[in-house]
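Structure, as structure tokens:
Each chain gets a letter, A, B and so on, in the order the sequences are listed, and its residues count up from 1.
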There are 2 protein chains.
Amino acid sequence: MARQTTGAAQRIAVAVAALGEEKFNARRIELADAALETLGELGFARTSLREIAQNSAFTHGVFHYYFSNKLDLICCCVRHYKAKCVTRYDEVVATAQSRDQLTEGFLAKLTETLRTEARMHRLWYDLRSQAMFEAAFRKDVLEIDKSLEAMIWRIASRYAELGGTRPASSPAALYALFDGLFQSALLKHLADDEKAIPELLAEVRRLLPTIC
Amino acid sequence: MARQTTGAAQRIAVAVAALGEEKFNARRIELADAALETLGELGFARTSLREIAQNSAFTHGVFHYYFSNKLDLICCCVRHYKAKCVTRYDEVVATAQSRDQLTEGFLAKLTETLRTEARMHRLWYDLRSQAMFEAAFRKDVLEIDKSLEAMIWRIASRYAELGGTRPASSPAALYALFDGLFQSALLKHLADDEKAIPELLAEVRRLLPTIC
DNA sequence: AATTTACCTTGACAAGTGTCAAGATTCCAG
DNA sequence: CTGGAATCTTGACACTTGTCAAGGTAAATT
């Protein structure tokens with residue numbers, strides 16, 4: 001049975017059953033990757049399937065072939081984005097042998113992220129806000145938020161460990177703090193405020209010893 | 001000269017010059033208020049001028065008469081929203097005579113806000129995210145962010161003062177922390193997580209003595 | 001009372017939207 | 001090689017969108 005003549009749900013089920021699963025999912029991720037480009041550029045509100053298709057090597061029909069609808073596509077994008085994101089600081093955590101090394105590695109990665117991946121991160125904040133309106137996003141968004149909280153907690157725990165102490169705050173509070181600072185710095189950075197990054201770094205440098 | 005036959009910029013200039021300014025602006029705010037209803041319900045991405053008009057006592061043409069375009073309307077909404085927002089905790093700050101009173105007043109207001117104004121606040125987070133994509137929003141959003149930071153700072157300063165100490169963090173860090181916690185609690189609350197509010201309260205209660 | 005101005009309604013336009021299906025193409029098992 | 005399945009392209013549909021202008025109504029001014 002051709003995939004197209006059935007609903008997308010059945011299509012996907014059939015594909016999974018038919019051992020084409022891996023290929024099918026690989027294609028979905030390819031498409032999600034292409035979609036993330038345009039989404040990062042325009043944001044959720046202004047991005048249409050046709051716009052996504054035009055900025056990619058695919059035609060708009062393919063997206064309908066692989067995704068049951070627009071929300072399905074965006075959800076897949078969000079999930080895919082997550083995988084890229086949550087391990088960002090793990091290498092720093094694994095290799096740092098002192099508080100100083102961890103601090104400098106963390107700050108360097110933070111700077112690099114703000115400089116080169118601002119678009120992806122504003123999309124994250126966009127989608128997290130959308131989740132407040134669109135229930136279909138909530139599960140994935142809450143899951144990613146949890147992963148990010150765990151990521152921050154790994155950094156803080158390691159930092160504390162390297163000084164022989166324990167973090168002075170809860171995982172939730174630490175994540176809220178760093179996420180809030182990052183979000184604010186991102187907005188200022190996107191508004192061409194050149195002090196945004198240095199101020200963020202100074203703030204984090206000041207905070208790390210007091211809260212971890 | 002009739003307002004409609006000129007561009008909106010001129011129209012507004014003419015209105016201002018013609019002493020109709022107050023009436024004109026009052027009408028704009030009335031319209032912005034109506035628009036905020038729908039925006040809070042649907043979010044920026046899904047809200048159209050017609051939808052706004054249908055959920056209000058006005059026809060869609062009126063919005064074009066009072067605003068040069070959709071962005072102009074939304075900007076006005078954001079600015080108007082600000083005024084409602086930034087004084088929320090001032091009464092608590094002014095009347096509290098002890099740390100306990102301030103804490104309880106703050107937490108009560110926090111709860112009330114989450115319970116009764118979740119829609120307005122998700123809209124704020126939505127618009128702040130939009131500002132990362134749409135430059136036209138940035139100035140207003142950054143300004144509101146500053147006002148909110150100052151609002152948090154007033155609370156923290158007063159809390160410290162009531163204990164004869166000084167806040168242990170910068171205004172930026174304190175705002176990032178509370179904003180991050182609130183944002184996370186709001187999302188969970190909207191996802192029908194009944195622990196969202198109590199957990200937020202517990203976290204804030206724990207944090208206040210350590211950071212202020 | 002007459003006329004100009006401010007305010008609002010209505011309907012239209014062009015562009016863009018998500019969705020879908022019919023047909024072309026590619027791929028692969030028999 | 002061949003027939004059928006998987007994949008993709010194309011074009012169409014019904015609908016919504018922001019924008020705007022022609023016209024009507026109410027209010028103010030002369």
Quiz item: In whole angstroms, how far is the C1' atom of C:dA6 from the CZ atom of B:Arg27?
Solution: 12 Å
Quiz item: Between the side chains of A:Ser56 and A:Glu37, does any donor sit under 3.5 Å from an acceptor?
Solution: no
Quiz item: Counting side-chain heavy atoms from C-beta on, which of D:dC8, C:dT19, D:dT19 comes nearest to B:Asn69?
Solution: D:dT19
Quiz item: Please give, in whole Å, the distance from D:dA22 P to B:Tyr65 OH?
Solution: 16 Å
Quiz prompt | Atom pair distance, as rounded to whole Å: CG in B:Leu73 and P in D:dT19 | solution = 10 Å
Quiz prompt | Residue pairs, two or more places apart or on separate chains, that pass side chain to side chain donor-acceptor pair (under 3.5 Å) and touch residues 129-138 of chain B | solution = A:Arg46-B:Gln130, A:Asp126-B:Gln130, A:Ser129-B:Ser129, B:Asp126-B:Gln130
Exercise. Give a yes or no on whether a salt bridge exists between A:Arg206 and A:Glu203, defined as a side-chain N under 4.0 angstrom from a carboxylate O.
Key: yes
Quiz item: Is a side-chain donor-acceptor pair under 3.5 Å present for A:Tyr66 with A:Asp72?
Solution: no
Quiz item: What's the CD-C1' distance between B:Gln54 and C:dT9, to the nearest Å?
Solution: 15 Å
Practice problem: May I ask you to say whether A:Asp33 pairs ionically with A:Arg28, meaning some side-chain N is under 4.0 Å from a carboxylate O? | Solution: no
Quiz item: So, is A:Tyr66 close to the D:dC8 phosphate, meaning a side-chain N or O under 4.0 Å from OP1 or OP2?
Solution: yes
Practice problem: Find the distance B:Leu71:CG to D:dT19:C1' and express it as a whole number of Å. | Solution: 13 Å
Quiz item: Does B:His64 put a side-chain nitrogen or oxygen below 4.0 Å from OP1 or OP2 of D:dT19?
Solution: no
Practice problem: Measure from NZ or CZ of A:Lys146 to the centre of the six-membered ring of A:Tyr175 and say whether it is under 6.0 Å with the direction within 45° of the ring axis. | Solution: no
Exercise. Could you run through nucleotides 10-17 of chain D and give me one letter per nucleotide, 5' to 3': B if any protein heavy atom sits under 4.0 Å from the base, S if only the sugar-phosphate is that close, - if neither?
Key: BBB----S
Quiz item: Roughly, in whole Å, what's the span from CD in B:Glu22 to P in C:dA6?
Solution: 17 Å
